[in-house]
S.K.: 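Please read through the structure below; I'll follow up with questions.
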Number of protein chains: 4
Amino acid sequence: MKKVKVGIVGLGELGSVHANNLRFKIPNAELIAICGVPAEKEKLEKLKAEWDIPYCFYDFAEMIKLPELEAVVISSSTAAHHEHALAAIQAGKHVFIEKPTGLNEQECMEIEQAAAASDKIFTVGFMRRHDPSYAEAKRRIDAGEIGTPILFRGYSLDPEWVAEYLAKRAAKNGCWFIDMTVHDYDLARWFLGSEAETVYALGGAYAYPVFAETNDVDNGYALMKFKNGACAFYYSGRTAAHGSHVETEIVGTKGMIRICDEPRRDRIKAYTKDGIVEKCLNLYLERWGEAYYLEMQHFIDAVEQGTQLEITAHDGTMATKMGMLTQESYVSGELKKF
Amino acid sequence: MKKVKVGIVGLGELGSVHANNLRFKIPNAELIAICGVPAEKEKLEKLKAEWDIPYCFYDFAEMIKLPELEAVVISSSTAAHHEHALAAIQAGKHVFIEKPTGLNEQECMEIEQAAAASDKIFTVGFMRRHDPSYAEAKRRIDAGEIGTPILFRGYSLDPEWVAEYLAKRAAKNGCWFIDMTVHDYDLARWFLGSEAETVYALGGAYAYPVFAETNDVDNGYALMKFKNGACAFYYSGRTAAHGSHVETEIVGTKGMIRICDEPRRDRIKAYTKDGIVEKCLNLYLERWGEAYYLEMQHFIDAVEQGTQLEITAHDGTMATKMGMLTQESYVSGELKKF
Amino acid sequence: MKKVKVGIVGLGELGSVHANNLRFKIPNAELIAICGVPAEKEKLEKLKAEWDIPYCFYDFAEMIKLPELEAVVISSSTAAHHEHALAAIQAGKHVFIEKPTGLNEQECMEIEQAAAASDKIFTVGFMRRHDPSYAEAKRRIDAGEIGTPILFRGYSLDPEWVAEYLAKRAAKNGCWFIDMTVHDYDLARWFLGSEAETVYALGGAYAYPVFAETNDVDNGYALMKFKNGACAFYYSGRTAAHGSHVETEIVGTKGMIRICDEPRRDRIKAYTKDGIVEKCLNLYLERWGEAYYLEMQHFIDAVEQGTQLEITAHDGTMATKMGMLTQESYVSGELKKF
Amino acid sequence: MKKVKVGIVGLGELGSVHANNLRFKIPNAELIAICGVPAEKEKLEKLKAEWDIPYCFYDFAEMIKLPELEAVVISSSTAAHHEHALAAIQAGKHVFIEKPTGLNEQECMEIEQAAAASDKIFTVGFMRRHDPSYAEAKRRIDAGEIGTPILFRGYSLDPEWVAEYLAKRAAKNGCWFIDMTVHDYDLARWFLGSEAETVYALGGAYAYPVFAETNDVDNGYALMKFKNGACAFYYSGRTAAHGSHVETEIVGTKGMIRICDEPRRDRIKAYTKDGIVEKCLNLYLERWGEAYYLEMQHFIDAVEQGTQLEITAHDGTMATKMGMLTQESYVSGELKKF
């Protein structure tokens, strides 16, 4: 069995998920190298030994010199994305990179141009598109089931305990309209088939005033117009009492589709003294575990078969642009145009 | 506007609902007389005055002597049903009677024969058949939507607090397999279009041992075979933590229909720290208020138009027979045949 | 039994519902007069006869001269509201008026001032507030169940067939952002406990271009900021394939409540070859029949007891102002401030 | 990394799933041998080559001679279970065997005795117990959430297309009350914590008369009493229009739990002209894929750690006994006692 030889940089929470999938769940992938920062040495060496991984690096430039390395998964910190992405492209590797592709539009654009000039695969970790429910919704919408899409509604709500955790380090986080809503910008473009034209954003640091110190929100809302006349409403929050709730609705002229309006954790319905009770997902990994696996499988399959993926560096650029202008609208209180 | 002149006997909880509907909500009815036992005099006289009701009686025989009286609603105690029903039929009145029609099969049969010999309307208060969801389900099933019905599943669960109340007076109650399940026997006959052939009943006084003293259950189950091969499963309980739960399922060879699998109290869905929570109905009147109104409206309309109703005295007899044999099966532990 | 003597002007679709409730379902009301335009004479005389209504007028000024008349229900055309409301107040009658109270802010303000100067009851037909699910949601929110409300989401979707009907007479209708969304403006103010500050509206005549001729939409969206920092998102449409769908969500810092996210017509769930299928409401009267009854009962009770109602003329004024500015934002494409 | 060396016999539909999990998804397992019948040679050799499996056998006795082989997965035909299970136990291997453990009670008992005499692990493929929703339900019930369990309701419905397929080879299949309901017998014992005492079974070959030729049903129902007074109702069918529907309910004295009353295929809810529509699972592998993976992972973990599993050969025996007596009750029309 021929296997795609892969190296991964960044083994934080999500990077570890990718590494695990590459090592154990994707038959046509072989994880031959991991790369982290020197401070992670103990953890990485342990992983290398336990998982029988041939190489372990503390310098990304060294890893991509491996001639047998075919593909690179970049889940390092956002600040390092620009450097890692350009280097990997230059070294002639296939690239899977976590969102956002860069710290700002300039970085994203440079990566996009480099990727466009390469004949290798370059894709971005917008895993929601790979989730079976989203993929199926797209198929049904493309088949005309709801007519022409005219409204996208995206809710991305993190559970309260995440806010409690993040509030302690608010200054170090990115803005919620960028970090969290980015997935919804991408979905809106995907489902509506158009590009953003105007945006008006509101919200506040209602429960955790500390977020206001960095002009950030704990609950933010934005209304966006697209060039084809369709619109999007985004609600990104981080104080959901019930759990991790990512809900998407696409309204068309002939019907509408909702994805995950009830973020149930399992298939249990309890009839109790409180009424009918369904417990909810509490962790993003519970919801997206399968999508993270599928996106990586799709990436490896694409490398093996030499076919480009639907999600490209351009999608990363656009989502970042949308996040930045939305954040500008929120801070200024003004309507913004793309 | 011509109005049907009605008298009612029995103004307990349910009788009061009927009286209120007749007095205020049914335009083509005129409640001209109420009848109770002497002990209720104060309550009845107050009602007579407040509602401007022409007559108030303490002897049913007197009420039905009123020549202008056209129709009688019998919601007196079950023990009085036989006497009241026969007298009303003999006096040439249209009759609406609460279930069960009599204390035993013998009484039911005598009423059925008298009703059959009369040219007046005689109907029984199986209100579920009048509930919009049940009526619609019947229409859809009769239209062939689920093919041939092969299984009826009827859940009739009272909330815990009812058991707590009834447990204190267990000796005075009828058996649960008769008092409660009677509605499901009627629905099973209605939906399956056949008559019962065998029954096997189980259950127990699991939470309220006092019910065992009268061979009664707090939760009972029965499996019944019908002559046409279809079957029914009944579960009647009285310890539901979540509320009043009457659920009906009809499985056919081509599909299945569930009615009220989620006995929601209103249209609210709360997303709380406990998950997604929907409060449930807690009182049978919340669930059946509309059905009680509709059955009375249908009765009055039938009287006005001179058309027989679908539910007849025979349905009352059959449901009583089914309840008695089910109870016998439970007590004996044996399979019983009709 | 003492009854409140009521007259009604305007017996169109909704006016007829009010008249029916007053005549037959509200025990402490007596419908003594109906009033319409001469063109309706045949219909009104028939009603007068069939329902035994003492008086029938074709001139509102005449009706309110009736000395025994205590309360007036105004469901005439919006163009006549100003005249009818002022006249009724001046005549010392209690007033229930359909929304909107006037054609523009000026008319609404004059009515509001006249009502404020009167010691009689004046209330507006925002029936949703009387719906049991909405009333219960308000109680639970006021009790602190969801913390501080920070987002109101209001969907008001009419079924496709309504658009087909209205498209033929588009020029005669009011704007959707006013006619339909008005209920949501009122709910947003009610649930958020604050007044609007800015609004940005989008939308289009996506399926029925004829609406564009009058600057109207068939699907419109608006994002609104309130003075207390909470926000509202409105989606009002008229091309819903599934039926009549009015959904409301209130998000708080500690939880969220959804009302009617599944506008089911009844309690039936069908398991068919298409999956699990629940039919939806198709007419606004199916959804709001009980609310229309309750608002009228509450009005009559208030008159009988001499207590003011929560909904006043001021609420009518505010909703109209919000609708007008939202429509201005839509037409201009600009962010608008109150 | 130490890995458990496993061999599998039987590579039919389900066997292939197990083999795939062992080969690719269970890090601490190493699939070193596959075994089939000579007729499958081409398929097996291809698998051996593609998956780099060291050994391929056509004689089970040969496979278990491999000294390094530690564990055996038996998913051969039921007729071969007895021979394979006894041989594997005798060879000192850990055993995972598909249900039913044997063709009849005698075979099951012999296997149970042999397993009991061995110090190796022996477990049976009742995968539902490993499904996250079932495992969670068990935890909650054991924690007392619903009080004392008093009723188990198990629905196991295959989609129509399975009946169409099976009807063509009805004579070769086992009985539905054994083949399908066996999972529910096991669940009932597990949740109720007791053993069966009586059973009464009904049903019919309603849609596919061919099943009647072998005394089999296309839809069967049974009511069972357990020694501790709790009861179970089983409905096993194979004409479900909506899809693959396995629903379980456990009613306790203090609450009730339903698992999968809505066998949704994904998280999509469509609002269409038909109403609200949710597509259903259509294949048992869609529903149980994760459970099949988890049961195998749990087996391998148990072998690695040397800890017995909850499901033993005894559970296999009991489920088979229950199936046989239920089938006897159905054929005879009589109440049966264990």
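For clarity, every value in this text was computed on a predicted model and none was experimentally measured. Protein chains get the first letters and strands the later ones, always in sequence-line order, with residue 1 at the start of each.
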S.K.: Can you tell whether the side chains of B/R128 and B/D186 come within less than 4.0 Å, N to carboxylate O?
M.R.: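 Looking at B/D186 together with B/R128, the answer is no, because their closest N to O distance does not fall below 4.0 Å.
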S.K.: Less than 4.5 Å apart, any side-chain heavy atom of D/S244 and any of D/N282?
M.R.: no
S.K.: So for B/E249, is it side chain, backbone, both, or neither that comes closer than 4.5 Å to the heavy atoms of chain D?
M.R.: side chain
S.K.: What pair of heavy atoms forms the shortest contact from B/Y330 to B/D216, and how long is it?
M.R.: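 The pair with the smallest heavy-atom distance is OH-O, 4.2 Å.
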S.K.: If every non-hydrogen atom of D/M322 is compared with every non-hydrogen atom of D/T326, which pair is closest and at what distance?
M.R.: O-OG1, 2.6 Å
S.K.: Return yes if some donor-acceptor pair links the side-chain N/O of B/S329 with the main-chain N/O of B/L325 below 3.5 Å, else return no.
M.R.: no
S.K.: Quick check on the interface: out of D/E247, D/H242, D/M224, D/E160, who has the most heavy-atom pairs with chain B under 4.5 Å?
M.R.: D/E247
S.K.: Under 4.5 Å heavy-atom distance to chain B, tell me which part of D/Y155 shows up: side chain, backbone, both or neither.
M.R.: side chain
S.K.: Side chain, backbone, both or neither: which part of D/I146 has a heavy atom under 4.5 Å from chain B?
M.R.: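 Nothing of D/I146, per the 4.5 Å heavy-atom cut-off to chain B.
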S.K.: Let's test your reading of the structure: which of D/L202, D/T253, D/T148 forms the most heavy-atom pairs below 4.5 Å with chain B?
M.R.: D/L202
S.K.: Please rank B/A240, B/G255, B/C231 by heavy-atom pairs under 4.5 Å with chain D and give me the top one.
M.R.: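 Most heavy-atom pairs under 4.5 Å with chain D: B/C231.
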S.K.: What closest approach, in Å, do D/I150 and B/Y221 show between heavy atoms, and which atom pair accounts for it?
M.R.: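 Result for this residue pair: O-OH, 3.1 Å.
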S.K.: Under 4.5 Å heavy-atom distance to chain B, tell me which part of D/D218 shows up: side chain, backbone, both or neither.
M.R.: neither
